[in-house]
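To find a chain, count down the sequence lines: A is the first, B the second, and so on, and within it residues start at 1.
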Amino acid sequence: MRLLIRPLTVLCSALPVTIWLAATTLTLEGQPQSSLRQRSELDLVIGDRIGARPRFAVPNCLALTSDTKTEEAAATIASVLWADLEFEREFLMIARDTASTIPVARTLTDIPFDAWRELGADGVVSCSVSRVSEDELRVQAHLFNMRTLEAPFGVEYSGSLRNVRLYAHQLADEIHRHQTGLTGIARTHLSFVSDRDSESYLGLVPDRQTKEVYMADYDGANVRRITTQRTLNVTPNLSPAGRAVAYTSYRSNFPDVVVSHIYEGRLETPAGGTDRIHNWLPSYSPDGTQLAFNSNRDGNIEIYIVNVDGTGTRRLTNHPGIDTSPTWSPLGHQIAFTSDRSGSPQVYVVDVDGTGLRRITFESYCDRPTWSPAPYNEIAYASRTGPGFDIKVVDLATNEVRQLTFGQGSNESPSYSPNGRHLAFSSSRGNGDKQIYLIGRDGRGLKRLTNNGNNEMPSWSR
Amino acid sequence: MKCLVGHDSERSYVNQNNKQPRINQSTTTLLVLLFLAGILGQACVGTTPPVEPEPPVAPPTSTTDPPRRPPSPPPIPVEPAPPVIPEDEFSARTLEEINRDAPLEPIFFQYDSSELDEAARQIIENNVDVLRSNPTWIITVEGHCDQRGTPEYNLALGERRALSVQDHLVSLGLNAARVRTVSYGKEFPFDPADTDEAHASNRRAHFVVTER
């Protein structure tokens, strides 16, 4: 669904920040400022950037038309926006129920600024929702600076009623971009494996259950089932553009790499599996044009690379040991993978032309490496730390290893968010079910994403 | 055949009086032999009975000659004869039935290994014998792993285990075209418990007849 973004007013070219949305300034009286006034970045960025994080508030959204759908949309947008801003931890979010004492504004610009300043807010997001037709919404939002009482950021969206949460997600991404230059992840998705709709696996051996591939918004909403073939489906990898998912499927009773074009209803098998040639564990290159994957086609377990259209298959590794679980470097020039050539599974890195092999981990058992996206250059992996595994990250510049989880259940299958600031992983903490969790790359901000059935093997992308 | 003249009663009287000693003896002998047949349980082709009449006697304690008697009526069947499965019926069993009988034994592996120990090799040899007796069977060797280890690495380890078994089958002379492999990693444990016994039972190569 596409949102139509209309700038509220166009700012003059003195604006230093690259902007494709318009910033507007509104004074307390609601009169637009003269466009000749020089504007500096400090006026646009809220809060004192040296030291404490700025405190932001998201009061209830204004419903400008008084019907149920608009009011529900207003409530949803405010709470989802607050959660999106809180997740990235760039701003200190004032709890929404703290603000319940503050009178609700009746117009977009009629904000009780004094009350907000008393609560210590540095920035307040003022948002209104109105219904323009049977299935169309218009959402307007301003981000007010409590120090200057001006709104350096303003935007208007119009679009369908169908996915109200998307307005909040887009608004959060744009606020992050405007205020911190950060690429947000509020509109990203995860694909994962679940047995929530498990059925018996049709075959000659009884008592086996299927697993299917699903997709969800990064906050766990809008779960959709991708695979429908009533078989074992594992190891999904969501494409960089988020429009296809490659996974390992046993629909032909042997494992093969299947690519599902989610919005086109199309399936492909670019690795060309047969009952003799088995392929599994696909991984998209950062530009989405190639897939690295495992195959037994030469009699041993090696890593291969193929173009997404199925042409140009070439072999990357060449060792009688097991070489598995490939992941691409941020610019696609190297591949990290797991190999047991030293006697136990460890993480190695090799150039995509097969040269320059070097070993990265020296622990008991390391698997399922996932390479961060730019601007970071680190590899997360599952490391055996006891009976189970924990998520660790090795910085490739310094070789320092840091640990993100500490022995609660077994923590496996890490996957980076597209901006590299978060990871998703599966964990058996709690009652032993496998669930998907999100965590910051600094090990803080743990959040549980799923709770229906067993959920594992997340892949985070657009 | 004698031509009998006279009315019925005369005829019957005549028959009675003119009854061939042969017939009378036959009847008696028949009774004796039926009795013997009942005891000895032997069926034989009927032959000329002895001429002298014999009263019913106890069966001899030992006989070397099979009793000679006319064929006895077939016994009324009480239950079906024990099944003797000829070639045609055997191949008519479904794959589900064949696999339910578990004709091929699984083999087990050490932790994190795809090596075949002596016991495994022996089982594979036994399985090859079974496969030679069923030359049309095509099998799939499934490679499985225990619940420890990551799901991703275990997909490869299971494949390695299946390939290891396939190599050994072929080295024993089995046609490679009869063997497929598949790895299920740790996705389908035979025992999901977290005990050493369960782990040991999951580190296995499982043989499935997939075509007959």
Side-chain angles (χ1 to χ4, degrees), chain A residues 193 195 201 203-211 232-235 248 250 252-255 274-276 278 280-281 294-296 299-303 320-326 338-340 343-345 365-369 381-384 387-389 410 412-413 426 428 432 434 456-457, chain B residues 94-100 102 106 111-114 138-164 166-167 170 176-177 179-194 196 199 206-212:
Chain A
V193 172
D195 65 359
Y201 178 49
L204 289 169
V205 180
D207 301 326
R208 289 181 172 173
Q209 298 293 312
T210 59
K211 288 182 179 180
L232 180 67
N233 300 286
V234 289
T235 79
T248 306
Y250 287 74
S252 311
N253 285 314
F254 55 83
T274 68
D275 57 0
R276 299 228 169 257
H278 301 161
W280 65 100
L281 268 173
N294 264 125
S295 184
N296 68 348
N300 188 35
I301 296 164
E302 306 284 6
I303 294 171
I322 289 176
D323 299 312
T324 180
S325 197
T338 302
S339 176
D340 67 359
S344 62
Y365 178 140
C366 303
D367 186 27
R368 192 42 175 85
Y381 55 95
S383 176
R384 184 164 61 195
F389 290 83
S410 187
E412 303 167 8
S413 310
S426 63
S428 61
K434 282 195 182 176
E456 54 181 339
M457 302 181 192
Chain B
T94 64
L95 284 172
E96 281 80 9
E97 287 165 349
I98 294 175
N99 283 302
R100 213 177 302 139
Y111 179 60
D112 219 20
S113 165
S114 56
I138 292 177
I139 62 165
T140 296
V141 178
E142 300 182 343
H144 295 270
C145 304
D146 70 29
Q147 290 297 284
R148 303 169 292 183
T150 55
E152 294 89 0
Y153 179 78
N154 277 331
L155 288 175
L157 181 58
E159 177 73 19
R160 174 61 78 70
R161 285 175 173 160
L163 288 174
S164 179
Q166 181 185 47
D167 287 345
V170 168
V179 185
R180 311 271 156 74
T181 58
V182 72
S183 167
Y184 286 113
K186 63 185 249 192
E187 301 304 308
F188 291 146
F190 290 84
D191 184 350
D194 188 22
D196 284 339
H199 294 321
H206 186 66
F207 293 75
V208 183
V209 181
T210 44
E211 273 177 59
R212 56 174 176 81

Taking only residues two or more places apart in sequence, or in another chain, which ones meet B:Glu211 in a salt bridge (Lys or Arg N to Asp or Glu O under 4.0 Å)? B:Arg180

If you tally heavy-atom pairs under 4.5 Å against chain A, which of B:Thr181, B:Asn99, B:Asp194 wins? B:Thr181

Is it true that A:Arg208 and B:Glu142 have a side-chain N and a carboxylate O under 4.0 angstrom from each other? yes

Relative to chain A, which segment of B:Thr210 carries a heavy atom at a distance below 4.5 Å: side chain, backbone, both, or neither? both

Quick one: what part of B:Leu95 sits under 4.5 Å from any heavy atom of chain A, side chain, backbone, both or neither? both

Note: vs chain A, highest number of non-hydrogen pairs under 4.5 angstrom among B:Gln166, B:Glu187, B:Glu96, B:Arg100 is B:Glu187

Measuring from atom CG of A:Asn300 to atom CG of B:Leu163, what distance do you get when rounded to the nearest 0.5 angstrom? 8.0 Å

Angle between ring planes, B:Tyr184 versus A:Tyr250, binned at 30° and 60°: parallel, tilted or perpendicular? parallel

Does any heavy atom of chain A fall under 4.5 Å from the side chain of B:Ala176, the backbone, both, or neither of them? backbone

Can you measure from CG (A:Asn294) to CG (B:Leu155) and round to the nearest 0.5 angstrom? 8.5 Å

Chain A contacts, top residue of B:Ala156, B:Ser183, B:Pro189 (heavy-atom pairs, under 4.5 Å): B:Ala156

Looking at B:Thr150, B:Val208, B:Val182, B:Asp112, which makes the most heavy-atom pairs under 4.5 Å with chain A? B:Thr150

Taking side chain as everything from C-beta outward and backbone as N, CA, C, O, which of these in A:Ser410 sits under 4.5 Å from a heavy atom of chain B? Side chain, backbone, both or neither. neither

According to salt bridge (Lys or Arg N to Asp or Glu O under 4.0 Å), does anything in residues 147-159 of chain B pair up with another residue at least two apart or in another chain? List the pairs. A:Arg368-B:Glu152, B:Asp146-B:Arg148

Side chains of B:Phe188 and A:Leu232: closer than 4.5 Å at any heavy-atom pair? yes

Is the closest side-chain heavy-atom distance between A:Asn296 and B:Arg160 below 4.5 Å? no

Close side-chain approach of A:Met457 and B:Pro151, heavy atoms under 4.5 Å: yes

In this structure, OH of B:Tyr153 is separated from CD1 of A:Ile301 (nearest 0.5 Å) by 8.5 Å

